[in-house]
Engineer: 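I have a structure here, written as structure tokens, and I will follow up with some questions on it.
Below, each value reflects all heavy atoms present in this structure, side chains not excepted, and no hydrogens, waters or symmetry copies.
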Amino acid sequence: MSSPPIQWYPGHIAKAEKALLEQLKRVDVVLEVRDARIPLSTHHPQVDQWIGEKGRILVMNRMDMIPPKAKEQWTEWFRDRGEEPLFTDAQHGKGIEAISKAAQAAGVKMNQRRLDRGMLTRPVRAVVIGFPNVGKSALINRLLKKRVVESARRAGVTRQLRWVRISDQIELLDAPGVLPNKLTNQEAAIKLAICDDIGEAAYDNQRVASELIELIRSSSALETRYGLELGDLTGESYLKVLAEANYKNDAERTARQILTDFRKGNLGAIALEMPPED
């Protein structure tokens, strides 16, 4: 199924990125939030450059949507590279305490450095960054223990930078999702579309659903959910056969249903990426 390459870089993201880079000068620690289903595809290639020597807390959100085995393998993979991933389910408030403690620990280190230089202590300034719709606002609301920033499972809800105070020790900057201005890796772009981490206008539902079918063909999720075995069918062919069988030959409706079922977890816990073999 051919369709134009997936590209999405709306004006509000370009504007927010410029403002974010200005605010990063004032920030002590960065909470980088990724989608646990696609940890590599939701890593912005410029984040390391932006962060520099600042402290980083790596947050893997939506841990409820991947199997425990995948979580274990990703934890080991990141640890081998000197990072400690903290897994959360911000929607249901799981794993939040560890994030709060990590931010507080970063604040203690920062203030010790200030004291060593003869400066006064102050609240740690943290920023939450990541791709659209990876759960940044839900995470902030959980850290604040109240709904302060708008949160929804769709890309592009947060459009402005905003400082919020978590406690006397921590100030947090809520930033809109950031994306590379050009999605050169189309395999990653497809996964972003599958996981609803970019705007819907950027992609063709039928193409993306067909790609999802191919990505999860080794599991029994599709047959279990729809009662139709994949067998030797391609993703595109399966979509058409399923449309004929269950959805009055409406391929677009079928594609939307498959994507919705995946995004809501109705197909089960599925990791679309596993640690690469070096």
Engineer: Would the distance check show the side chain of K136 and the main-chain N or O of F131 forming a donor-acceptor pair, the cut-off being under 3.5 Å?
Structural biologist: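 Yes, because the side chain of K136 sits within donor-acceptor range (under 3.5 Å) of the backbone of F131.
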Engineer: Do the charged groups of R114 and D28 touch, with an N to O distance under 4.0 Å?
Structural biologist: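 Salt bridge absent between R114 and D28.
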Engineer: Check E171 with R122, please: is the shortest side-chain N to carboxylate O separation under 4.0 Å?
Structural biologist: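 No.
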Engineer: Is there a donor-acceptor contact under 3.5 Å from the side chain of Q73 to the main chain of P275?
Structural biologist: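 Not at all, since once roles are kept as given, no pair shorter than 3.5 Å links the two residues.
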Engineer: Given the rule in the side-chain hydrogen bond (donor to acceptor under 3.5 Å, both in side chains) test, do W163 and Q23 qualify, once you have shown the distances and angles that lead to the verdict?
Structural biologist: CA-CA 10 Å; W163 284 97; Q23 290 289 346; 3.3 Å; yes
Engineer: Check the pair E236 / R207 against salt bridge (Lys or Arg N to Asp or Glu O under 4.0 Å), numbers first and verdict last.
Structural biologist: CA-CA 8 Å; E236 190 175 348; R207 176 195 174 197; over 6 Å; no
Engineer: What's the shortest heavy-atom distance between A193 and V208, and which atoms?
Structural biologist: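 Smallest heavy-atom distance, with atoms named: CB-CG2, 3.8 Å.
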Engineer: Side chain of S237, backbone of L233: donor and acceptor closer than 3.5 Å?
Structural biologist: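 Not a single qualifying donor-acceptor pair exists.
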Engineer: Would you please test D250 and E252 for side-chain contact (heavy atoms from CB on, under 4.5 Å) and show each step?
Structural biologist: CA-CA 6 Å; D250 188 336; E252 179 64 18; 3.7 Å; yes
Engineer: Salt bridge check: are R37 and D35 linked by an N-O gap of less than 4.0 Å?
Structural biologist: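 Counted as a salt bridge, because a side-chain N and a carboxylate O are separated by less than 4.0 Å.
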Engineer: Output yes when K94 and D64 qualify as a salt bridge under the 4.0 Å nitrogen-oxygen rule, no when they do not.
Structural biologist: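 Answer for the salt bridge query: no.
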Engineer: Got a donor-acceptor contact below 3.5 angstrom from the W74 side chain to the K69 backbone?
Structural biologist: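 A pair under 3.5 Å: no.
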Engineer: For the residue pair M65 and G265, what are the closest heavy atoms and their distance?
Structural biologist: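 Distance-wise, the nearest heavy atoms are CE-N, 3.6 Å.
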Engineer: Can you check whether L172 reaches V127 side chain to side chain, under 4.5 Å on heavy atoms?
Structural biologist: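 Side chain of L172 against side chain of V127, heavy atoms only: no contact under 4.5 Å found.
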Engineer: Could you pull out the closest heavy-atom pair between P276 and L40, with the gap in Å?
Structural biologist: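 Minimum heavy-atom separation between P276 and L40: CD-CD1, 3.8 Å.
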Engineer: Does the pair R256/E200 count as a salt bridge with the N-to-O cut at 4.0 Å?
Structural biologist: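 Yes.
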Engineer: Going by atom types only, do E214 and T234 share a side-chain donor-acceptor pair under 3.5 Å?
Structural biologist: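 No, no side-chain donor-acceptor pair sits under 3.5 Å.
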Engineer: Is there a side-chain contact (heavy atoms from CB on, under 4.5 Å) between V47 and R56? Walk through the geometry before answering.
Structural biologist: CA-CA 10 Å; V47 159; R56 168 159 61 175; 3.7 Å; yes
Engineer: Do other residues, nucleotides or ligands put more than 12 heavy atoms under 6.0 Å from the CG atom of D232?
Structural biologist: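 Result for CG/D232: open.
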Engineer: Looking at R79 and E76, is there a salt bridge between them, counting it only when a charged N and a carboxylate O are closer than 4.0 Å?
Structural biologist: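 No, this pair does not count.
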Engineer: If you take all heavy atoms of I198 and A189, which pair is closest and at what distance?
Structural biologist: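 Answer, listing the atom of I198 first, then A189: CD1-O, 4.2 Å.
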Engineer: First locate atom CG of L21, then atom CH2 of W50, and finally report the distance between them rounded to the nearest 0.5 Å.
Structural biologist: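 Reported to 0.5 Å precision, the distance equals 5.5 Å.
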Engineer: Would you check if R217 and Y238 make a side-chain contact, meaning some heavy-atom pair closer than 4.5 Å?
Structural biologist: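 No, every pair of side-chain atoms sits at 4.5 Å or beyond.
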Engineer: Taking D196's backbone N and O only, do any of them form a donor-acceptor pair with N133's side chain (distance below 3.5 Å, no angle check)?
Structural biologist: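 Side chain of N133 to backbone of D196: a pair is present.
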Engineer: Using every non-hydrogen atom in the two residues, find where G177 and I13 come nearest and quote the distance to one decimal.
Structural biologist: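 For G177 and I13, the tightest heavy-atom pair comes out as O-CG1, 3.5 Å.
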Engineer: Is it true that a side-chain atom of R263 and a backbone atom of I194 form a donor plus acceptor pair closer than 3.5 Å?
Structural biologist: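 It does hold such a pair.
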Engineer: Charged N to carboxylate O under 4.0 angstrom, E32 versus R34?
Structural biologist: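 Result for this pair is yes, salt bridge flagged.
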Engineer: With side-chain contact (heavy atoms from CB on, under 4.5 Å) as the test, would you mind laying out the steps for L272 and L212 before giving the verdict?
Structural biologist: CA-CA 9 Å; L272 294 185; L212 170 60; 4.2 Å; yes
Engineer: Nearest heavy-atom pair of I170 and A103: which atoms, and what distance?
Structural biologist: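 Scanning both residues, the minimum pair turns out to be CD1-CB, 3.8 Å.
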Engineer: Give a yes or no on this: more than 12 heavy atoms of other residues, nucleotides or ligands lie within 6.0 Å of atom CD of E187.
Structural biologist: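 Open.
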Engineer: Start with the C-alpha gap between L267 and I216, add the side-chain angles, then the distance that decides, and say whether side-chain contact (heavy atoms from CB on, under 4.5 Å) holds.
Structural biologist: CA-CA 10 Å; L267 299 181; I216 63 175; 4.0 Å; yes
Engineer: Hey, any chance V108 and V30 share a hydrophobic cluster, counting ILVMFWY side chains that come within less than 4.5 Å of each other, even indirectly?
Structural biologist: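 Looking at the clustering, V30 is in a separate group from V108.
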